[in-house]
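These notes concern the structure reproduced below.
When reading the values below, keep in mind they use all heavy atoms of this one structure, side chains included, and skip hydrogens, waters and symmetry mates. Owing to the predicted nature of the structure, the values given are computational and were not obtained by experimental measurement.
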Amino acid sequence: MADRGIFLYPFRRFQEWSRSTALIDWMESNNSHIFKINVPGYNKEDIKVQIEEGNVLSIRGEGIKEEKKENLVWHVAEREAFSGGGEFLRRIELPENVKVDQVKAYVENGVLTVVVPKDTSSKSSKVRNVNITSKL
């Protein structure tokens with residue numbers, strides 16, 4: 001990881017950025033990774049949280065579009081333009097030491113919180129010594 005540079009880690013883990021207002025904070029405690037995402041106006045039915053192959057946390061929001069009535073003259077329409085047209089997708093590569101089967105998410109007051117517990121059990125080293133002989 002040192003070869004990635006000080007300013008790239010952990011930002012290299014963000015695989016997709018959207019032009020939406022679904023801004024994200026990523027915090028880490030001793031027991032878990034905590035993600036907080038701005039999702040104003042979204043209900044829990046409008047949001048899908050998934051763990052994809054390769055330990056990728058995927059957060060998708062769909063469905064917020066204001067109906068434009070024919071008898072109205074619109075002078076400014078910034079809210080839809082800055083919300084990405086009602087849709088967003090954020091994908092974050094999670095570290096290896098997480099319990100993807102125990103992820104929890106909840107939405108309250110326009111903020112989605114996703115808690116990804118850490119796997120604190122000790123694992124065998126991925127480094128394996130290879131015996132060197134004089135013949136194969």
Side-chain angles (χ1 to χ4, degrees):
M1 257 186 242
D3 63 327
R4 297 191 188 275
I6 189 168
F7 297 109
L8 296 178
Y9 182 80
F11 302 108
R12 69 176 180 83
R13 294 186 178 272
F14 288 90
Q15 295 180 354
E16 291 182 26
W17 291 89
S18 67
R19 295 181 347 198
S20 78
T21 56
L23 303 175
I24 190 166
D25 291 337
W26 178 359
M27 297 152 283
E28 183 176 354
S29 71
N30 290 335
N31 302 326
S32 62
H33 293 271
I34 302 144
F35 300 89
K36 291 192 177 275
I37 303 99
N38 287 350
V39 292
Y42 286 86
N43 297 315
K44 66 179 184 176
E45 295 81 21
D46 301 326
I47 303 167
K48 185 185 288 185
V49 177
Q50 296 178 313
I51 304 295
E52 298 175 349
E53 191 173 330
N55 267 15
V56 175
L57 174 64
S58 172
I59 303 164
R60 179 184 304 271
E62 299 175 343
I64 295 182
K65 293 197 180 200
E66 187 152 336
E67 213 175 292
K68 292 192 166 95
K69 297 182 179 163
E70 292 181 26
N71 60 349
L72 294 178
V73 175
W74 285 74
H75 294 283
V76 178
E78 293 178 340
R79 293 183 306 135
E80 187 173 314
F82 285 106
S83 69
E87 298 180 356
F88 68 87
L89 172 64
R90 302 301 303 265
R91 297 176 77 228
I92 302 108
E93 179 187 344
L94 296 171
E96 291 180 21
N97 68 334
V98 295
K99 298 179 181 178
V100 293
D101 57 332
Q102 296 180 18
V103 174
K104 295 190 187 308
Y106 65 93
V107 64
E108 183 177 42
N109 297 326
V111 177
L112 173 70
T113 302
V114 180
V115 179
V116 183
K118 288 183 180 178
D119 186 358
T120 56
S121 63
S122 59
K123 295 185 178 171
S124 60
S125 174
K126 290 186 178 186
V127 176
R128 184 176 67 91
N129 290 327
V130 176
N131 191 23
I132 301 172
T133 62
S134 57
K135 290 186 177 182
L136 287 177

Minimum heavy-atom separation for [X] and [Y], please, with both atom names.
X	Y	result
R90	L23	NH1-CA, 4.2 Å
K44	V107	CB-CG1, 3.9 Å
T120	N30	CG2-O, 4.4 Å
P117	S32	CA-CB, 3.8 Å
W26	P95	CZ2-CD, 4.2 Å

| Is there a side-chain contact between V39 and V111 (heavy atoms, below 4.5 Å)? | no

| said: What verdict does the side chain to side chain contact (heavy atoms under 4.5 Å, CB included) test give for V114 and I34, after you've listed the backbone C-alpha separation in whole Å, the side-chain angles of each residue and the deciding distance to 0.1 Å? | reply: CA-CA 6 Å; V114 180; I34 302 144; over 6 Å; no

| query | Transitively linked via ILVMFWY side-chain contacts under 4.5 Å: I59 with V115? | reply | no

| query | Do V116 and V100 belong together in a cluster built from hydrophobic side chains that touch within less than 4.5 Å? | reply | yes

| message | Working note: V98 + D119, criterion side chain to side chain contact (heavy atoms under 4.5 Å, CB included); need CA distance, chi angles, decisive distance, verdict. | response | CA-CA 5 Å; V98 295; D119 186 358; over 6 Å; no

| Spacing of Y42 atom OH and I37 atom CD1 [to the nearest 0.5 Å] | 12.5 Å

| message | Nearest 0.5 angstrom please: E93 CD to L57 CG, how far? | response | 11.5 Å

| message | Using the side-chain hydrogen bond (donor to acceptor under 3.5 Å, both in side chains) definition, which of the options H33, E28, Q102 pairs with K118? | response | E28

| query | Near N71 CG, under 6.0 Å, is it more than 12 heavy atoms from other residues, nucleotides or ligands? | reply | yes

| Derivation of the side chain to side chain contact (heavy atoms under 4.5 Å, CB included) call for K36 and M27 | CA-CA 8 Å; K36 291 192 177 275; M27 297 152 283; 3.7 Å; yes

| field | Result of checking L94, L112, V103, T113 against F35 for side chain to side chain contact (heavy atoms under 4.5 Å, CB included) | value | L94

